Amino acid sequence: MLIRVDTGSATPLGDQIAARVRRAIADGEVAPGDRLPSARALAESLDVNIHTVLRGYQRLRNEGMIELRRGRGAVVLDNQGTSARARLLTFVDTLVSASRELGLSDEEILGLVRAGMATPEPRERGAPQLVDERDDRPHRTAPPDR
């Protein structure tokens with residue numbers, strides 16, 4: 001797994017690290033039970049402070065993606081739905097980034113999400129479904145561009 005950060009980005013480095021690991025989990029690049037690079041090794045390779053890496057890892061722990069154990073490091077959890085949750089969080093990150101690029105406020109973004117939740121299920125509207133080859137369960141995709 002290759003992790004890169006953009007020091008010129010407005011997104012905090014810890015969030016960038018969490019997003020990259022989350023995407024790797026979602027794409028199956030990192031499987032449940034796999035160990036992530038140690039915080040120290042990753043910090044050295046990215047030339048960032050170890051606490052920056054730990055912030056990213058702690059975010060993933062809080063999201064239920066990884067487990068952090070002293071001496072054992074960071075391990076991707078083997079929970080059913082971990083990769084599906086990672087895909088969903090990736091969609092959320094994309095939604096928030098695209099909305100902010102359009103200049104929408106947090107309240108406007110939340111309003112869009114609430115409106116989307118009030119509409120029928122995507123399957124009923126004919127939205128495409130994403131099927132994970134590993135578990136054959138359908139997962140919703142982002143709505144098509146209009």
Side-chain angles (χ1 to χ4, degrees), residues 1-39 41-43 45-46 48-69 72-125 127-146:
M1 171 179 61
L2 178 64
I3 296 179
R4 292 184 188 158
V5 293
D6 178 3
T7 56
S9 172
T11 304
L13 296 175
D15 291 348
Q16 290 182 46
I17 292 167
R20 177 59 187 107
V21 173
R22 190 181 306 111
R23 184 172 300 274
I25 294 169
D27 293 344
E29 187 180 337
V30 179
D34 285 354
R35 286 185 188 208
L36 298 178
S38 73
L42 186 55
S45 72
L46 296 175
V48 298
N49 189 292
I50 189 170
H51 296 289
T52 301
V53 175
L54 288 172
R55 264 193 300 276
Y57 280 4
Q58 287 168 349
R59 181 170 182 177
L60 293 166
R61 182 197 61 204
N62 293 343
E63 293 172 357
M65 300 283 130
I66 66 170
E67 178 181 41
L68 293 173
R69 285 195 179 166
R72 188 164 178 238
V75 179
V76 178
L77 287 175
D78 195 9
N79 295 339
Q80 186 174 16
T82 298
S83 63
R85 183 176 176 84
R87 281 191 300 279
L88 177 64
L89 290 170
T90 299
F91 286 139
V92 169
D93 285 345
T94 302
L95 169 71
V96 171
S97 295
S99 298
R100 289 199 171 134
E101 285 177 13
L102 292 173
L104 298 178
S105 69
D106 289 353
E107 285 306 312
E108 289 172 311
I109 298 169
L110 290 173
L112 290 173
V113 171
R114 286 186 186 104
M117 292 175 66
T119 60
E121 290 293 315
R123 184 175 299 146
E124 295 170 19
R125 290 184 285 164
Q129 297 288 309
L130 172 67
V131 176
D132 187 336
E133 307 80 39
R134 294 177 299 271
D135 61 16
D136 293 331
R137 293 180 305 197
H139 303 285
R140 292 181 220 163
T141 61
D145 291 334
R146 297 176 195 232

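What you are looking at is a predicted structure, and each value in this text was computed from that prediction instead of being measured. Numbers here are sequence positions counted from 1.
- Formation of a donor-acceptor pair under 3.5 Å by the D34 side chain with backbone atoms of A31 is found in this model.
- Contact annotation: the side chain of L13 never approaches that of L46 to less than 4.5 Å [non-hydrogen atoms, C-beta and beyond].
- Looking at R69, its side chain never comes within 3.5 Å of a backbone N or O of V75 through a donor-acceptor pair.
- When side chains are defined from C-beta on, T90 does not count as touching R87, because their heavy atoms never get closer than 4.5 Å.
- Ion pairing between D106 and R100 holds under the 4.0 Å rule for side-chain N and carboxylate O.
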Practice item. With side-chain contact (heavy atoms from CB on, under 4.5 Å) as the test, would you mind laying out the steps for M65 and I25 before giving the verdict? Key: CA-CA 8 Å; M65 300 283 130; I25 294 169; 4.1 Å; yes
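- Between D93 and R23 there is no salt bridge, since no side-chain nitrogen of the basic residue lies less than 4.0 Å from a carboxylate oxygen of the acidic one.
- Annotation: side chain of Y57 is not in contact with side chain of S38 (no heavy-atom distance under 4.5 Å).
- With a 4.5 Å cut-off on side-chain heavy atoms, E108 and L112 do not count as touching.
- Looking at R20 and Q16, their side chains never come closer than 4.5 Å, going by heavy atoms from C-beta outward.
- With rounding to the nearest 0.5 Å, the separation of CG in L54 from CG in L68 is 7.5 Å.
- Between the CD atom of Q58 and the CD1 atom of I66 there is a distance of 9.0 Å, given to the nearest 0.5 Å.
- Looking at heavy atoms from C-beta onward, V5 lies out of side-chain contact with T52 at the 4.5 angstrom threshold.
- For R35, the salt bridge (charged side-chain N to carboxylate O under 4.0 Å, His left out) test picks out no residue, with sequence neighbours left out.
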